[in-house]
2 protein chains.
Amino acid sequence: MSTIEQVALLAKVSVATVSRVVNNSAYVSETTRDRVEQAIKKLNYQPNALGKLLRKETTSMVLVLLHSVDNPFFATIVQGIEKVAHENDYNVLICNTYGDTEREQHYLKMLRNHLVDGVVFISNTCTSDEVNYLNATFPVVQVVEYLTDIDAAHYSIDFYQAGRDLMDILYKNGHRSIGFIHTGSTEIVSSKEKFRAYKDYMKERRLPLITNYPDECLFGYANAKKIAGDLLDKHPKTTAFFATSDLLACGVIDELNCRGKSVPKDAMVVGFDNTSYAYVGKPNITSVELNSFQLGAMAMEYLMSKIKNKPVAHNNKCLIPYQIIERESTKKGQ
Amino acid sequence: MSTIEQVALLAKVSVATVSRVVNNSAYVSETTRDRVEQAIKKLNYQPNALGKLLRKETTSMVLVLLHSVDNPFFATIVQGIEKVAHENDYNVLICNTYGDTEREQHYLKMLRNHLVDGVVFISNTCTSDEVNYLNATFPVVQVVEYLTDIDAAHYSIDFYQAGRDLMDILYKNGHRSIGFIHTGSTEIVSSKEKFRAYKDYMKERRLPLITNYPDECLFGYANAKKIAGDLLDKHPKTTAFFATSDLLACGVIDELNCRGKSVPKDAMVVGFDNTSYAYVGKPNITSVELNSFQLGAMAMEYLMSKIKNKPVAHNNKCLIPYQIIERESTKKGQ
DNA sequence: ACGGGCGATGTAATCGATTACATTCTAAAG
DNA sequence: CTTTAGAATGTAATCGATTACATCGCCCGT
């Protein structure tokens, strides 16, 4: 790799002039410019970003921290983030933390070291104090998942109300024995709020809770299937399930099918997030559309304002409208 | 943010001594070390990585370039990459290129600028020359998708043979009118090889091709459904489909269902990649397991060897065994 | 008492850029 | 013919670290 000095030497000019040519930052005569550009081409010179970043304060890059990209739901948020980032000539680096604080700290070091200009938390594992501290010093925003008791901005939806809306659908279809199925972390706001909605809804109607929550299990389809089986063993009369994601709902439906029960005739099921899992199978699944692309875009807009020190366009603790998408899994008379 | 100089000032030592304390790199007396550590704590000093990187040659970070994380199949590869990376105290930055060369170049600049130590291409859009050039200068590896005519290493499977194996299943189940359905890029090796397998297999048996290939369409479920519909309109007697991914297979099955045909009784369908789409729906889908976690891990092992200048453990143009997973979508008598 | 060895620390060059300031040159204005 | 504005370029400080080399004590052996 060649340096600016080598180019300067070859073109018989000073490094300052080369820098001016590269950055188009001041008067350079035609002939000199030509000579420098020739030298650049000849040496295949690429400016070293480190030298540049050491002087400049911006990197045109932001970090996105999430649990793991294996959840297709996150991909949509990232797309929203990227759309706005690209409009602002920013690039996005995605990092899986797998809920590991140490790993997260490793990536956050990039923020502290000015290797990136800001960070979007899709889910985070660090403490409120930590986020507060970061937020005081750097551009930070939370999207979808968030810590409530802190200063940092967040863009999300009202998971509690959405949960109640789903419960309403099941209840109004006549169901009284409703199970709640969750796998994965219980430490995130979405899990807590969905469960609170379920619990409140059932308690208000003096109905018994049928759930594994808050027992943590590994993520995924197979676990949901197993839990559904366990609950059905204990409570055979359960006729409806609130699964906290679409993939889990698929597992529940599979278990019901295995027991000779068909959805929605013998039991109804709802999911969450309106991912492709909600519509690729039969029956397709009633779910909640979070408008996650929009959420990602809004969060990134906020972050860009922070980075560029411009006034923030919208409220920085924002819950946007969601939509309940009713599908076959809760349709009567099928 | 405080600098090493401020710490040195407060601790009444030189920057060299502070650096020694921070890096534990040479003799420092107990008392001096204490004083420096106190100063570090007091100022909440965090070494600026840029200064460091400018001198040192490694960053402990690698780049992963892919089309977009919205394909859950990629997530498994990334997990394999990350497993090996973490074992070597390396961190992984994931970047969506959306098949955009310019964006890809932006990220590759990080490699050229020594902001990362190496790059894993899961899919790439740049030319063979470009990859060759990068490969000559930096640690580079390709996984799953790859360019054939270049020096860079790759880890993948034999898509051609896997495609023929799938065709065999359909053929041996008596099918003669077999459609081939693909959406997304036709420029990648997996697409080309799958189609070549289909084409060869059919031609060898003097059967007519039934396909949209190589017409490019947008990704996804809805397009696959539409193409299946088109093919069925033109060739109503088609009784089997080779879809190039599991998600597409879901779309095909949905279209068949919409036309009152049931899978596998009236038509058989195969997918590819053995993603969760292959087993969450009914019927679940015969697919090909690539062992993508292992592929990711192997690629990263190669890259680590390159980065650390150690001999490479396994052949660097490697096609590992795959498995055909037969499921309901190709089971006779159901 | 003197020199050797080494522990402890400081000085300053260096990495590759940017950029304020200085300098030189040219051409138009007076 | 001088003056002078401003175009064109160079010089050198700077960003924040690392590290080779220099230096300074101090203890120990003879």
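Side-chain atoms of A:Asn124 and A:Glu145 form no donor-acceptor pair, as typed in the model, at a separation below 3.5 Å. Counting only N and O atoms by type, the side chains of B:Asn316 and B:Tyr155 include no donor and acceptor under 3.5 Å apart. Side-chain atoms of A:Asp70 and A:Ser68 form a donor-acceptor pair, as typed in the model, at a separation below 3.5 Å. Looking only at atom types and distance, the side chain of B:Lys52 has no donor-acceptor partner in the side chain of A:Asn113 under 3.5 Å away.
Closest approach of A:Cys126 and A:Val131 over heavy atoms only: SG-CG2, 3.7 Å.
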Worksheet item: Can you give one letter per nucleotide of nucleotides 20-28 of chain C, 5' to 3': B if a protein heavy atom sits under 4.0 Å from the base, S if only from the sugar-phosphate, - if neither?
Response: B--------
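Atom CG in B:Leu43 sits roughly 14 Å away from atom P in D:dG16 (whole-Å rounding). One interatomic measurement links the two molecules: CZ of B:Arg55 to P of D:dC15, which rounds to 17 Å at whole-angstrom precision. Look at CD on A:Glu5: it is 13 Å from C1' on D:dA12, rounded to the nearest Å. The interatomic distance linking B:Lys109 (NZ) with C:dA17 (P) rounds to 12 Å, in whole Å. Spacing between atom CG of A:Asn113 and atom P of D:dT18 amounts to 11 Å, rounded to whole angstrom units. Atoms NZ (B:Lys52) and C1' (D:dT19) sit 13 Å apart, rounded to a whole Å. With rounding to whole Å, B:Leu115 atom CG is found 12 Å from C:dA17 atom P. For the pair A:Gln6 CD and C:dC15 P, the computed distance is 11 Å after rounding to whole Å.
Looking at residues 22-36 of chain B, you'll see B:Asn23 sit with a heavy atom under 4.0 Å from some atom of DNA chain D.
When atom types are taken as modelled, the side chain of A:Glu104 and the backbone of A:Thr125 share a donor-acceptor pair closer than 3.5 angstrom. Side chain of B:Ser292 to backbone of B:Leu295: no donor-acceptor contact under 3.5 angstrom is found.
Place A:Leu54 and B:Thr17 on DNA chain D by their nearest nucleotides, and A:Leu54 ends up nearer the 5' end.
Of the charged side-chain nitrogens involved, none lies within less than 4.0 Å of a carboxylate oxygen, so that B:Lys109 and B:Glu102 do not count as a salt-bridged pair.
The side chain of A:Asn48 sits closest to C:dG16 out of D:dT19, C:dG16, C:dT11. Set against C:dG10, D:dT19, D:dA12, the side chain of B:Ser14 has C:dG10 as its closest nucleotide.
Contacts of B:His154 classified as ring pair (Phe, Tyr, Trp, His ring centres under 6.0 Å), with partners at least two apart in sequence or in another chain: B:Tyr146.
For the helix from C:dA1-D:dT30 to C:dG30-D:dC1, the axis fitted to the five pairs at one end and the axis fitted to the five pairs at the other end meet at an angle of 60° (nearest 10 degrees).
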Ignoring hydrogens and angles, write down the donor-acceptor pairs under 3.5 Å from the side chains of residues 31-39 of chain A, residues two or more places apart or on other chains.
from	atom 1	to	atom 2	distance (Å)
A:Thr31	OG1	A:Ser29	OG	3.4
A:Thr32	OG1	A:Ser29	OG	2.7
A:Arg35	NE	A:Ala11	O	2.9
A:Arg35	NH2	A:Ala11	O	3.2

Could you list the donor-acceptor pairs under 3.5 angstrom formed between side-chain atoms of residues 12-20 of chain A and any protein atom two or more places apart in sequence or on another chain?
from	atom 1	to	atom 2	distance (Å)
A:Ser14	OG	A:Ala16	N	3.4
A:Ser14	OG	A:Thr17	N	3.4
A:Ser14	OG	A:Thr17	OG1	3.4
A:Ser19	OG	A:Asn23	ND2	3.3

